[in-house]
Amino acid sequence: MAVNPLEPNPARDAKIRAKAEELWKADGAPHCGPQTYLEQASEIIGMEENPDAGEIPVKDLPDPEFADTQVEDARIQENLGEFPERLTDQGDRDHFPEKENERNAQ
């Protein structure tokens, strides 16, 4: 059964404080105190309690003959948007100075 890290757990809190003090002593016991190491200790204890949390199971492996072939996911095409052109996304104005007589001729 997985432990919810958001629920109060005195045993887990004690392990975090002990790990923070261990990290603090390993750094030479600086003036900041062991409470500075609480966040890092919490992450370490979380990894120790759930060692497989970051793993994603592999369901379908590609054929070995296609191991060197790179295939782009077609879903990324939906998010590309339009390609910027000279007047795109910057309003309908020229992006370079014109000579005064060219501007009046238009």
Side-chain angles (χ1 to χ4, degrees):
M1 182 175 146
V3 177
N4 184 351
L6 300 177
E7 292 180 4
N9 185 338
R12 185 174 193 276
D13 293 343
K15 286 191 336 187
I16 291 172
R17 285 192 300 275
K19 180 58 94 172
E21 188 166 341
E22 177 186 329
L23 295 170
W24 173 67
K25 287 179 181 177
D27 273 355
H31 293 291
C32 60
Q35 55 274 39
T36 307
Y37 294 85
L38 285 174
E39 184 175 347
Q40 184 179 3
S42 175
E43 291 177 7
I44 292 171
I45 296 298
M47 286 185 258
E48 289 174 355
E49 290 177 346
N50 302 301
D52 300 330
E55 295 181 4
I56 299 173
V58 178
K59 296 177 184 169
D60 298 320
L61 290 174
D63 292 332
E65 66 184 72
F66 297 117
D68 294 332
T69 306
Q70 294 182 357
V71 179
E72 291 184 5
D73 191 350
R75 291 177 291 177
I76 65 169
Q77 297 295 325
E78 298 173 1
N79 197 28
L80 290 179
E82 62 183 21
F83 288 103
E85 296 177 5
R86 191 168 59 104
L87 300 176
T88 304
D89 297 334
Q90 300 296 320
D92 292 329
R93 63 177 178 79
D94 292 328
H95 297 281
F96 50 88
E98 292 180 357
K99 293 181 181 176
E100 187 67 32
N101 58 359
E102 289 178 6
R103 193 177 318 144
N104 292 336
Q106 292 177 358

message = Are Lys15 and Glu48 packed together at the side-chain level, in the sense that at least one heavy-atom pair is separated by less than 4.5 angstrom?
response = no
ask   = When hydrophobic residues are tied together by side-chain contacts of less than 4.5 Å, even through go-betweens, does Tyr37 share a cluster with Ile44?
value = yes
remark   = Ala20 and Ala41 have their tightest heavy-atom pair at N-CB, 3.5 Å
request  = Using a cut-off of 6.0 Å, state whether more than 12 heavy atoms not belonging to Glu39 lie near its atom CD.
outcome  = no
query = Would Ile45 end up clustered with Leu38 when hydrophobic side chains under 4.5 Å apart are linked, directly or stepwise?
reply = yes
ask   = Below 4.5 Å, heavy atoms only, C-beta onward: do Arg12 and Ser42 meet side chain to side chain?
value = yes
key: Pair Glu21 + Arg17, salt bridge at N-O below 4.0 Å   = no
